[in-house]
Structure formats: C-alpha cells, structure tokens
Chemist: 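Just passing along the structure, written as structure tokens.
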Amino acid sequence: MLPSRPEHRLAVRLLEREPELAAAARAVESLCGPVASGGLLIYRGEAGIGKTALLAAVRRLGRDRCTVRGARGGETVTSVPFHVVRQLMRPALAALGDDQAGRLFGDWYDIAAPALGLAAPTRPAPDPQGVRDGLDRFAARLAERHRARPLVLLVDDAHGADTESLTWLVSLAVSLPSLPLLVVLTHRSDPPPGPAGTLLGRLADAARLRFTLRPFSPGATAALTRATLGDRADDPFCREVWAVTGGNPYETVELLAKVQDRRLDPVERSVGRLRDLGASARGSGLVTRLERLGTGPTRLARAAAVLGTDISRGLAASLAGMTPAEAADCTERLQEARIVTGSDPLEFVHPLIASAIYRSIPPATRTAMHGRAARAVAHAGLGAAAASRHLLEIHPDDDEDVVAQLRAAAREHLAVGAPEAARRCLERALQEPPPPHLYAQVLYELGCASLLTSPAATVRHLRSALALPGLDGELRTDATCRLAQALAHDDQLGEAAHAVAAEAARTPAGTARTRLRAAHFMYEAFRATEDDGPARSRRLAELADHLPGADNAERALLSLRAFDAMLRGEDAEHVVDLCDRALVDGRPARGMSWTDTAWGFETPAVVGVAYAFTDRPDRALALFEEAVRAYEISGWSGTHLAFAHTLLGLAHRRRGALVLAESFLREGLRLAGRLGSGPPVQWDAACLLIDTLLARGHVAEARAVADRHRFGPPWPNAMVMPDGPCVHGRLLLAEGRTGEAVFELEAAGRAFEARARHNGVWAPWACDLARALCPEDPHRAARLAGRARVQAERFGTDTAIGEALRCAALFARPDEAVALLAQAVRHLEASPSAYEHARARHEYGLALGSPAELARAAALATTCGADALAARARSDHARPPRDTDPAPE
C-alpha cells in the first residue's frame, strides 16, 4: 500500500507545455530587455486543461524580475462591472499614497478612479469610452512606474470576466506592444455567446501569440502518475488513469490525490477502483465528497460559491448562518479536503469546484441565498451596486424596496461608466414590477441608460414611457428630446423631427416648448431630404430673426437660424450677426455648453459651422478648440470627441491649413472607428478628409478612404458635412470618371435647389458640374457658372465670390478671363481661404504667363500643404516667361 504523502501534491510538474512555457519565457524576456516590449499572450482550452496551472508557471517565471498582478473571472460575478480591473489594479494602488495615485491618473482621476472604487463619482454618467481611456492612461503610467520591475497582469478564466473589464482589455491591447506591460489571460476554448465571446475574439486578434491547450498524452499521464505515486505505478494502472481522465490535467491530479488518500496500490489489480474515484473529482461526485464533510462545511462552501470571488469569510459565515468560530473550523476542513484555499478571503482551489458547488444548490435555495446575500452585502455597507448582482438572481415579488435598490444600483453603475450594468438592473426592476406611478420613470431611466449602447432599445423604452402616465413637465420634455436623439443616432431623422414636433404641439408656451421646437427645426435641417424646406426656413426666420438672444431658448433658435441661413446662402453678414447673438461674448452661454445635455452639443456646433462657411474660420476654431478641451476634461471620448476633432479639421480646411486639417480629421475618424461602423460622425469625418486629400492632390489616398468607409451612395438620411454627394462627385472628377461625376453632381444640384440652399462653398456642385460639362455642353456649363456667380455675390463672402469668378473665367474670352481671375485673386487674397487663393493665383499666373504669379502660387500651395498644386505651379514656373507680368487689378 502507498503511504499518503501530501508533499507529492505540491510537486506536480507541467507536462507537454513546452511551447506554451517557452512563449511565456520569451515574452518575459522581451519585457525585461533593454527595450521593454509588452504584449498579450492567450491560453485557451477546455475546463480543467491546466490554464490556471500555466498562469501559475508564468507567475513563477516573472516573480524575480517583474511585478505580477492577477485576477480571475467567475460565472457568478460577470454582472459586476470592472470586477477584474479592480482585482488587477487595486493591489498596485494599495502600495501608493493618495497623492501618488492621483498623479498616475492625472486629469483622468475624476473620470476613471471611480471605476476602480478609489473615489466617489463626481458626475452622473461619464462616457464609458472616456473611462476606458482614463484606465488606459493610468495603466500606461503605472507600467512606466514599474519599468525597473515590469508589470505582468494575469487574467484567469476571462470567459467569466465582466463586460466592462473585457472591453477595457480590448482597448488596452492596442497599445501593449509600445508599453512595458505584459498581459497573459486564459479562457475556455468555447467562449460564451454574446458580448463576452465577441470581446474575446477581438482580444485574440490583438494577441501576439495564442495557444490552444491539449489534454495530456498517455505518456505524460504516466509520467505524472509516477511523479506523484512513485515508480511502483505500473503501465496498466497508468493507462487506466489516462482512460478515466481523458488526459484532463485537473481530473488527473485530483484522481491521483484520491489514490493517495485511499492508500491505493498503483498496480493493475487496483484499476477497477479508479473510475469511481475519478467520478468523485467532478460534478456530482465532488458534491458528494463535500456533503460527506458535514452540513457545516457544505453550508459554508455553498455560501462562498454564491458570493463568488474575493470571498469575505465574515460575509460567507453570515450567509451560512454560523458564528466566526464555526466558520473558521469549517474553513479548515474545506482546506483539508482541497475544496478551498486561503482563510480570509476564501478562494476555491479550482474554478470547476466553485461551479460544481454553485450548480448543485437547489434552484429555490440558491435564489433564497442570493436574497440573503443582497441583504448581507447591504448591511455590510458595500452599497447598492454590490448588492445588485444578487438582486438580479432573485424572483420578482412586487417588492417596492427591491425596485428602489435596483434603481439606486443603476445610478451607481452609470456614475462609474457602466451603462450595461445599469441596464440590467433597470430591466430587472421592471420585472418586479415598480408601482404604477413609478413605472414610466423606470422606463425613462432604462431608456437613458441604453442611449449610448443601444439606440433601438432607447427608442422602445422611451416611447413606452411617454405612452404611460407618470412623466410630466421637464421629465417628459427630456424624455422626448432623448427619444429624438436616439432616433437621429439611428439615422431616423424624420421620425426624430416628428416626435419633438408632436410633443411641442401639446406643450404650453414656455421654455420646454421652445426647446422642443428648436429640436424640431434642427432635425428637419439635418435631414438629407425634406418635403418643404423653404417653408420651414421661412417659419424659422420669422421666429428667430428679431430675437436678441436674451435667454437660452432664444439662443437655440438663433443658432439654428444662422445655420439654415448659411446653407441657403443668405447675406453672410446677417448670418454672422445671428451667430454672434447666439453666443455670449463669443462663447456658448451657461447651460448651452458642449457638455450640456439639455440643449445638446449640436447647438454650439452649428454656430461654429456657420462661422466656418462665412469666412470666419478663426471664430469657429476657437469654439471647436473649446469643445475638445471640454470633452477631454469630462472624459467624453466617444462620439463627442470624434466630432470635435472633425470640426477642428473643418476649421483648418476652411483656413487652407490642409496638413493640420488632415491630422485632425484622421484623428476624428480613428475615434469614430472605436464606436463601430457607421456612426454619423464617421460620414462627416470621411467626407471632410476626402475633400482635404483632394485639395492636397492625394487622389489615391482619397479613394482609399472612400472605399474603407463605404463613402458613396446610398447616402444616409442625415446630411453629410460639407455635402457628401458634392465631395464624391469631386472625387470622381479627380479620377477622370466624368460621366459618373456629372450624374452625382446633377442629383446634388436638384436636391439643393429644391430646398433653396445656394451656398456654393458648402455644396460646390454648380461650379464642379460646369467644369465637367464644359467640353461637351459649354452653353449649359456657362449658365451654371453664371448662376453660381449671382448666388455667391448674394452670399457676399470673399471665398464664395472668388471661387465663382474663377469658374466664370473658364467661359470668358482670354482677356476677360484674365480680368475675372484678377478679381478672383483679389477676393481670395482678402479671404481666409488660403488654398483657394493659391489655386486662383496659379490659374491667374497661367492666364498671364507670369513666372512671378506662378512662383507666388507655388509658395502659397506649399504653405497650405497642397502638394500637387505646388508641383504644378513650380513646373509651370519653369517654362519660358511671356512678355507681360502685371499685378492683379
């Protein structure tokens, strides 16, 4: 018989894991090398395949040279936001003082620290992307701080991690190669469906290496058996061990431990007992082994399984209904049985044990235990959010107190940037259900929580809330505006306009009604098509033109009126006056700032856009720079920051600073790309970037952007800035696809004429179409150019007039063309549009045959970053000069 030797249980070697260990060793070596390089390493495989043991080996590899932190997911804690992130980061923060931690977060402290439980939230609902960005910055600075002992983060059972932590890991993975930070994680080879599985797939795409772990071979099983039981283990016995366990490392180790416990002789005559012993290592057999320890250990183990990870023994004892002394005794017995390890907090020896015990609890008992756990957590002062994961598991029981706790938990989740967790709580609150007078309010809160993650769900919930009694006054107005915002985000501009118009019709006169009417005008203006745009514009003009901008309601109407007048090509000085009245000392008024949620960021945005297209790009630039600062300070790193960078790109494009414009627009596209495919800001950023690249002469790059972002018909229901079809037509012209360009530009012209929108800088369809038609139909082309000139002079900006004159010169006699181009140069020189000035100067120089003008054009184009134009001007300058070289009139 074999004596029991517990020390053998600690001497298990990793077998047949040489490639996996070698990859980890190389990753640690690279991390600790002269040029520290991090990355992501993933091990995946079935339950019990040895993922946890492999992570332990990685920990041993790095412990002498690195700072190693670990975390573990679990099926009972997937609903706890940032659970894994907190496990990883809190130990590192424990060694720092508050001042040092604050310095690591920097400006992101108020945004990201609440997600780690380090500070109370200071804002109601930070942008989740901003929270992730803050955590990224913190992790990067923490990694730099640990450069002497580089940071290694181990995440076990990532398939059981919370969505918020997985999403952050995906975000972090992008920057890992440039950081002294190594992340090693494990997950099941069959990841769960839904967001977790999708996120694990994205992590796999970002990993430097991925390994799928295989079961032990019969040879490795025999080696492990003899290493544990001694050389007496004969071949038939070893083969049967492999047959019983299938080479699963966890089951093999547990089976061999039971052989030791039973002092079973490891020879052929004992093989008949192995199958029964193996069954006790998993599932019902493991539960039977637990129950043999007695009711006390069983109750404590069940309580621990319900509580999940980071298990406080005090909470587990409270949930199990036992004294601290009884809990200590039961803990010792569970340790001896290899079910738990540690004392306080408790931890299961293996996740499979925790799962088996949790699933063995009868459903009714498990539900009741979750209810008691929620009360115990609340009684311990851990907050509504901590209790909510247990409340999610109990049966609905018409309990108003449960509804209140879930609503409070939702507010806590939103305050740390976890809207999905808030959504789960509010959906569960509706099942309770709330009392009738609160039902609509809970639906409203649910709609608000879903706004950033699921516009369709927001629409459904808010429509239901508005159809019920219980939403009155300001709350009803806000619900309607948020409904319209969700519809607009989902490319349903017509429905958004109808929703606010219908609510405005039944709202008494006052601020609420003005807010709704302003929203209606805005969504109608943003639509790509409109039934009667001129009539709407007249109503808006009658409503707003006389307003002094005395309050925010008036300022909102003035903002929209300025934008509409700019698109219509009305007198630019009047447009600028409207813009000025919409602001206070050149800035958005209090309550209408970029981060204000009542009036929306669109209000200051349309003022800035109107400035940009009325030859005031510097005023637009000041507004848009303020937007970037406001969003960065507030941690709004999603749609808002992407749009702000896009607007900055627009302002620089209108100034002719093409290189700067391209930089901001590419950043806007990058930020928009993190939000998935197709958000409205992506259309705007792509449109402006293509226009900028065409101005620079980079046609192939412009085409690549268009193809990458599917820029072209069919167009979205919302207008694209400046005008998508016009920019697409310009791209087709640059590629020599004239017939397609004519078709696109004619369609754009019909749409703009139908809405009486005549701003040729926003939508230069007439001049571009005239150039395209000139060889085949010069008479029609000349008429288009003449009409564009009339409309430009009505608008009155130097940019619009200069561009129209430049086009008109195409259809004039040579001497008249020179005069027209001279006028164009004079106007564009007075404008802020440096690129258009360079282009007119080049054409004027060609018409004159003037080397001096061509040299000036080349210098201007170079300053703008218009590479192709600069090269053409230099080439033309190198030709022999003509006799005359007059200056512009």
Side-chain angles (χ1 to χ4, degrees), residues 6-7 9-12 47-48 50-60 63 67-77 80 83-95 117 152-158 160-161 186 250 253-254 257 261 281 286-287 289-290 293-294 296-358 361 369 373 376-377 380 382 386 389:
E7 64 271 19
R9 299 173 192 160
L10 305 177
V12 175
K51 301 184 294 294
T52 302
L54 197 51
L55 276 192
V58 176
R59 182 184 288 273
R60 290 192 295 272
R63 65 187 173 191
T67 302
V68 186
R69 308 294 183 200
R72 173 180 286 176
E75 65 176 307
T76 62
V77 290
V80 182
H83 180 69
V84 164
V85 179
R86 292 186 181 193
Q87 290 181 77
L88 289 172
M89 296 301 179
R90 290 294 290 270
L93 288 163
V152 178
L153 303 181
L154 309 178
V155 182
D156 200 8
D157 286 346
T186 72
Y250 165 75
V253 170
E254 284 296 307
D261 290 343
L286 187 148
V287 173
R289 177 159 64 92
L290 169 63
L293 297 177
T298 300
R299 283 177 14 235
L300 187 64
R302 286 181 168 183
V306 167
L307 290 170
T309 60
D310 297 328
I311 306 158
S312 160
R313 194 171 75 185
L315 272 181
S318 173
L319 185 54
M322 57 179 57
T323 67
E326 290 172 325
D329 177 66
C330 291
T331 298
E332 187 175 340
R333 294 167 66 184
L334 290 169
Q335 289 170 335
E336 291 173 353
R338 297 183 305 282
I339 291 173
V340 303
T341 184
S343 177
D344 193 7
L346 299 172
E347 185 177 352
F348 287 98
V349 168
H350 195 279
L352 282 174
I353 297 175
S355 297
I357 293 173
Y358 182 77
I361 306 171
M369 291 181 73
V377 168
L382 300 179
R389 73 178 182 89

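As the structure is a prediction and not an experimental result, all values here were calculated from the model.
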Chemist: Would you name the heavy atoms of L88 and L154 that are closest together and state the gap between them?
Modeler: CD2-O, 3.7 Å
Chemist: Looking at every heavy atom in both A71 and Q87, which two are closest together, and how far apart are they?
Modeler: CB-CB, 3.5 Å
Chemist: CD/E75 to CG/D157 distance, rounded to the nearest 0.5 angstrom?
Modeler: 10.0 Å
Chemist: Side chains of residues 50-59: which donor-acceptor pairs under 3.5 Å do they make with residues two or more places apart or in other chains?
Modeler:
{"residue": "K51", "atom": "NZ", "partner": "G45", "partner atom": "O", "Å": "3.2"}
{"residue": "K51", "atom": "NZ", "partner": "E46", "partner atom": "O", "Å": "2.9"}
{"residue": "T52", "atom": "OG1", "partner": "D156", "partner atom": "OD2", "Å": "2.6"}

Chemist: Restricting to side-chain contact (heavy atoms from CB on, under 4.5 Å), what partner residues turn up for A354, sequence neighbours left out?
Modeler: F348
Chemist: If you round to the nearest 0.5 Å, how far is CZ of R299 from CE of M322?
Modeler: 4.0 Å
Chemist: Pair up each side-chain donor or acceptor in residues 324-333 with any protein partner under 3.5 Å, not counting sequence neighbours, and list the distances.
Modeler:
{"residue": "E326", "atom": "OE1", "partner": "T323", "partner atom": "N", "Å": "2.8"}
{"residue": "E326", "atom": "OE1", "partner": "T323", "partner atom": "OG1", "Å": "3.4"}
{"residue": "T331", "atom": "OG1", "partner": "A327", "partner atom": "O", "Å": "2.7"}
{"residue": "R333", "atom": "NH2", "partner": "L293", "partner atom": "O", "Å": "2.2"}

Chemist: According to the side-chain hydrogen bond (donor to acceptor under 3.5 Å, both in side chains) rule, which pairs have a member within residues 344-353, sequence neighbours left out?
Modeler: R72-E347
Chemist: Write down the atom of V84, the atom of A161, and the distance for their closest heavy-atom approach.
Modeler: CG2-CB, 3.7 Å
Chemist: If you look at every heavy atom in I357 and A305, which pair is closest and at what distance?
Modeler: CG2-CB, 4.0 Å
Chemist: For S343 and R313, work out which heavy atoms get closest and say how close.
Modeler: OG-NH1, 2.9 Å
Chemist: Under the side chain to side chain donor-acceptor pair (under 3.5 Å) test, which residues partner T341, sequence neighbours left out?
Modeler: none
Chemist: If you round to the nearest 0.5 Å, how far is OG1 of T76 from CD1 of I311?
Modeler: 7.5 Å
Chemist: Does R69 have any side chain to side chain donor-acceptor pair (under 3.5 Å) partners at least two apart in sequence or in another chain, and if so, which?
Modeler: none
Chemist: Of all the heavy-atom pairs spanning L352 and A47, show the shortest one and how long it is.
Modeler: CD2-CB, 3.5 Å
Chemist: I want to check something: taking the side chain as every heavy atom from C-beta on, are L334 and L290 in contact at a cut-off of under 4.5 Å?
Modeler: yes
Chemist: Do the side chains of I353 and Y250 get nearer than 4.5 Å, heavy atoms only?
Modeler: yes
